[in-house]
Protein chains: 2
Amino acid sequence: MIRAVARAATTTDAFNAVAEPRRRQILDLLAGGERPVNDLARLLGLTQPQVSKHLRVLRAVGAVDVRDEGRQRLYRLNGHALKPIYDWVTKYERSWSERFERLDVVLEELKDEERRDGES
Amino acid sequence: MIRAVARAATTTDAFNAVAEPRRRQILDLLAGGERPVNDLARLLGLTQPQVSKHLRVLRAVGAVDVRDEGRQRLYRLNGHALKPIYDWVTKYERSWSERFERLDVVLEELKDEERRDGES
DNA sequence: GAATCATATTCCCATATAGGCATGTGTCAA
DNA sequence: TTGACACATGCCTATATGGGAATATGATTC
């Protein structure tokens with residue numbers, strides 16, 4: 001029985017998983033190809049358990065896949081898990097895109113004209 | 001003096017702020033124009049304090065601006081705060097974009113050819 | 001000034017971390 | 001079999017929630 005839902009678990013979805021900067025860094029590294037855990041730990045200056053825990057979260061939301069290679073476990077990026085984030089944030093692209101900003105200027109001018117027409 | 005850093009505060013950056021679904025919904029509503037708090041509460045089926053708290057977080061990361069209008073406080077979207085998310089996630093677009101997927105197929109074929117050449 | 005409306009803040013609680021550290025598990029080599 | 005190596009997991013602690021409820025603040029109207 002769930003009693004209280006403080007903050008959603010990091011494993012709830014991609015949004016919560018990548019809120020942690022270290023996990024974004026891990027994904028950025030894996031974008032260059034699959035890597036074993038110790039590689040990631042060394043490159044990021046983290047302890048091995050830290051990396052393993054972060055990878056567990058990333059696995060839970062499907063952002064990485066694993067493959068056994070001898071004693072090593074090679075982690076590989078699975079970018080599909082990030083698509084919901086892309087889809088959501090893309091709606092706001094007009095807020096900073098120059099292309100859209102110019103359109104906004106035009107719309108503002110039209111609005112001003114309407115306002116003047118209404119006053120007359 | 002900071003003793004332990006469990007999970008980063010929701011007000012740390014946009015990534016942490018929008019990890020909460022309710023806050024994304026609020027931004028989605030504000031994308032349609034500025035709105036008072038009670039409006040948002042009614043549309044989302046939340047209590048007024050809940051909405052005020054979420055808005056406080058969104059304000060902290062610069063995702064919304066406020067304007068006083070009599071007794072009401074009109075909140076307005078500021079999409080610029082979401083640009084870091086867009087910039088980060090866009091790097092992974094090739095993971096699901098058909099356009100890039102076709103490119104991947106070509107690259108795979110080239111890799112296979114190299115492999116066969118190496119064996120001969 | 002009093003009552004009312006709109007919003008913000010505070011208090012309390014249960015929860016899920018992230019870090020540090022120790023330890024368990026599985027694989028390879030001698 | 002025994003080490004040694006690579007990785008995963010468990011335990012402990014302090015922290016920052018998010019929800020609910022009550023209350024404080026601020027502006028408007030009577």
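Letters A, B, ... mirror the listed sequences (proteins, then strands); counts begin at 1.
The salt bridge (charged side-chain N to carboxylate O under 4.0 Å, His left out) contacts involving residues 46-64 of chain B comprise nothing, where partners must be two or more places apart or lie in separate chains. Annotation: salt bridge (charged side-chain N to carboxylate O under 4.0 Å, His left out) contacts involving residues 62-72 of chain B, sequence neighbours excluded, comprise Glu34(B)-Arg67(B), Arg67(B)-Glu69(B), Asp68(B)-Arg73(B).
The side chain to side chain donor-acceptor pair (under 3.5 Å) test applied to Glu20(B) returns no partner, not counting sequence neighbours. Shown here are the side-chain contact (heavy atoms from CB on, under 4.5 Å) partners of Gln72(B), two or more places apart in sequence or in another chain: Pro36(B). Scored by the salt bridge (Lys or Arg N to Asp or Glu O under 4.0 Å) test, Arg35(B) finds Asp39(B) as partners (sequence neighbours excluded). Taking Ala60(B) as the reference, Thr11(B) meet the side-chain contact (heavy atoms from CB on, under 4.5 Å) condition, with sequence neighbours excluded. For Ala63(A), the side-chain contact (heavy atoms from CB on, under 4.5 Å) partners at least two apart in sequence or on another chain are Leu27(A), Leu58(A), Val61(A), Ala81(A). Among residues two or more places apart in sequence or in another chain, the side-chain contact (heavy atoms from CB on, under 4.5 Å) test is passed with Arg7(B) by Arg7(A), Thr10(A), Asn16(A). With sequence neighbours left out, the side chain to side chain donor-acceptor pair (under 3.5 Å) criterion links Asp87(B) to Lys83(B).
For DNA chain D, no neighbouring residue in residues 10-31 of chain A is found when judged by any heavy atom under 4.0 Å. Near DNA chain D, meaning a heavy atom under 4.0 Å away, the residues from residues 37-54 of chain B are Pro49(B), Gln50(B), Lys53(B), His54(B). Of the residues in residues 55-72 of chain A, those lying under 4.0 Å from DNA chain D by heavy-atom distance are Arg56(A), Arg71(A), Gln72(A).
The main-chain N or O of Ala9(B) is found under 3.5 Å from a side-chain atom of Thr12(B) such that the two form a donor-acceptor pair.
In this model, the phosphate group of dA6(D) is not approached by any side-chain N or O of Tyr75(A) to a distance below 4.0 Å at OP1 or OP2.
As a whole-Å value, the separation of Arg73(B) CZ from dG26(D) P is 11 Å.
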